[in-house]
Protein chains: 2
Amino acid sequence: MYSIGEVSNMFQLTVPTLRYYDQQGLFPNLKRSESGVRSFCQNDLESIRVIEYLKKAGMSLKDIRTFIDWCHEGDGTLVDRQNMFLDKLAVVQAEIAELNRVQDLLKFKAWYYTQAVAENTEARIKHIQPQDMPEEIRKAYENSHAELQCPKVSPR
Amino acid sequence: MYSIGEVSNMFQLTVPTLRYYDQQGLFPNLKRSESGVRSFCQNDLESIRVIEYLKKAGMSLKDIRTFIDWCHEGDGTLVDRQNMFLDKLAVVQAEIAELNRVQDLLKFKAWYYTQAVAENTEARIKHIQPQDMPEEIRKAYENSHAELQCPKVSPR
DNA sequence: GCTTGACCTAAAGTCGACTTTAGGGGGTAG
DNA sequence: CTACCCCCTAAAGTCGACTTTAGGTCAAGC
C-alpha cells in the first residue's frame with residue numbers, strides 16, 4: 001500500500017491532482033485509514049496507468065469515469081466498453097491523419113524559412129511556385145494545402 | 001472585400017470568434033469603414049488560413065500573434081520564424097509518435113473487448129498472456145505498454 | 001510539550017479560448 | 001415610420017482540469 005505522496009512521486013501527478021481524481025470518482029475502491037488517510041493498492045496504481053492512457057487518447061475525466069464505472073458493473077457493459085474503444089480508435093486515427101498534414105505544412109514552412117535565412121531575405125522565396133520546389137517539399141506543400149478551406153461565398 | 005458575417009460563413013468560425021481574434025491582434029492590417037465596420041481583404045483571409053493551421057499544430061493564439069508580428073517586422077525576424085517552425089515540427093513529430101502508441105493501446109483494447117463480447121464474459125480474456133495473442137495484437141500491446149511509467153518508489 | 005511534516009477538506013482562483021449578454025448604431029424593405 | 005438585419009463594444013460567463021488557499025488532524029522526533 002502507498003500513501004498519496006508516494007503515488008505522486010511514482011507518476012508525474014501532484015498530490016492535489018490525485019485528490020481531485022479521487023473526488024471525480026476515478027478510484028471507486030480506494031481504501032482509507034480510520035482517520036481518513038488514503039492508501040493506494042496495486043489495483044489503484046493500475047487505474048492511474050489506464051487513466052493516463054485514456055487522457056492521452058483525448059478522453060475527458062468524465063468519460064474515463066464512465067468507463068471505470070462500466071468496469072465495475074461487470075459483463076453487462078462489455079459492449080459499451082467495446083464501442084467506446086472502437087470510437088476512440090477512429091478518433092485517434094483521424095487525429096493522426098490530421099497531424100500528418102500539419103507535419104507536412106511545418107516541413108514546408110521550415111524549408112521555406114531555411115531558404116529565406118540562407119538568402120537573407122524573403123523576397124525571392126515568397127513567390128516560389130510548387131514546380132520549383134524540391135520533390136519532397138513540393139509533396140509536403142501540396143499535401144498540407146490540399147484540404148484548406150476556401151471561400152464558399154462570393155464577394156459583394 | 002468581405003464583411004465579418006461573410007467571413008464567418010466561409011470558415012467555420014463564429015462572428016464573435018473573429019472579433020475575438022481581431023482583439024487579440026491577429027489581423028494587424030484589418031480595415032474598417034468610417035463607422036467602424038470591419039472589412040476583410042484577401043490578405044486577411046490568408047491570415048485566417050494560417051491561423052487555422054497553426055492552431056492545429058497546437059500553437060496558442062499568443063504564439064500565433066507573435067508569429068504574425070514577426071511577419072510584419074520583415075527580414076530581421078527570419079531566423080526567429082525558422083526556429084519557430086523547426087521547434088513546432090519537432091513537437092508535432094513527438095505527438096505523432098505518442099498518438100501511434102495510443103492507437104496501439106486502443107487497437108489492443110478494441111480486440112480485447114471484441115473477444116470478451118464474443119464470449120459474453122471477460123473471465124477468460126482477462127488473464128491472457130502476450131504469447132497467446134494474435135501476432136498483430138501482441139505487437140500493438142507490447143508497443144503501447146513499453147513506455148508505461150512504473151513505480152519508482154518502494155512500498156513502505 | 002512543542003515543532004515538523006505529511007495528511008485531510010472545502011472553497012476559491014487560474015488559464016485559454018471562446019460564448020453570451022446587454023446595450024446601441026445604421027441602412028433598407030414594406 | 002418602423003421592423004429587421006447586420007454591424008459594433010465592453011464586460012461577464014463558461015468549461016475542463018487543475019492549482020492555490022485557508023484552516024485543521026495526527027504521529028514522530030527533539
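Throughout, protein chains are lettered first and strands after them, A, B, ... in sequence-line order, and every chain is numbered starting at 1.
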* What is the bend of the helix from C/dG1-D/dC30 to C/dG30-D/dC1 when you compare the axis at one end with the axis at the other, using five pairs each and rounding to 10°? -> 30°

* Could I get the full list of side chain to side chain donor-acceptor pair (under 3.5 Å) partners for B/Glu136, not counting sequence neighbours? => none

Give every pair of a protein N or O atom and an N or O atom of nucleotides 5-7 of chain D that lie under 3.5 Å apart, one pair per line with the distance.
| unit_1 | atom_1 | unit_2 | atom_2 | d |
| --- | --- | --- | --- | --- |
| D/dC7 | OP1 | B/Ser3 | OG | 2.9 |
| D/dC7 | OP1 | B/Gly5 | N | 2.9 |

* Structure fact -> Hits for side chain to side chain donor-acceptor pair (under 3.5 Å) against A/Arg19, two or more places apart or cross-chain, chain-then-number order -> none

* Excluding sequence neighbours, so at least two apart, what forms ring-ring contact (aromatic ring centres under 6.0 Å, His included) with A/Tyr113? -> B/Phe85

* **Residue pairs passing the salt bridge (charged side-chain N to carboxylate O under 4.0 Å, His left out) test where at least one lies in residues 80-89 of chain A, sequence neighbours excluded** => A/Arg81-B/Glu122

* **Counterpart residues, side chain to side chain donor-acceptor pair (under 3.5 Å), relative to A/Asn29 (two or more places apart)** => A/His72

* Using side chain to side chain donor-acceptor pair (under 3.5 Å) as the criterion, list what pairs up with B/Asn83, not counting sequence neighbours. => none

* How is B/Ser35 classified with respect to the nucleic acid when contacts are heavy atoms under 4.0 Å: base, sugar-phosphate, or nothing? -> nothing

* Contact class for B/Ser60 vs. all strands (heavy atom < 4.0 Å): base, sugar-phosphate, or nothing? -> sugar-phosphate

* To do: Inspect the contact between A/Arg138 and A/Glu142 and indicate whether a charged nitrogen and a carboxylate oxygen are less than 4.0 angstrom apart.
  => yes

* What pairs meet the salt bridge (charged side-chain N to carboxylate O under 4.0 Å, His left out) rule with one or both residues in residues 103-120 of chain A, with sequence neighbours excluded? -> A/Glu119-A/Arg124

* For A/Thr114, what residues pass the side-chain contact (heavy atoms from CB on, under 4.5 Å) criterion, not counting sequence neighbours? -> B/Gln82

* Asked: Earliest and latest nucleotide of DNA chain C, 5' to 3', sitting under 4.0 Å from a non-hydrogen atom of chain A?
  -> C/dC7 to C/dT9

* Report the residues that fulfil ring-ring contact (aromatic ring centres under 6.0 Å, His included) with A/Tyr141, sequence neighbours left out, ordered by chain and then residue number. => A/Phe108, A/His145

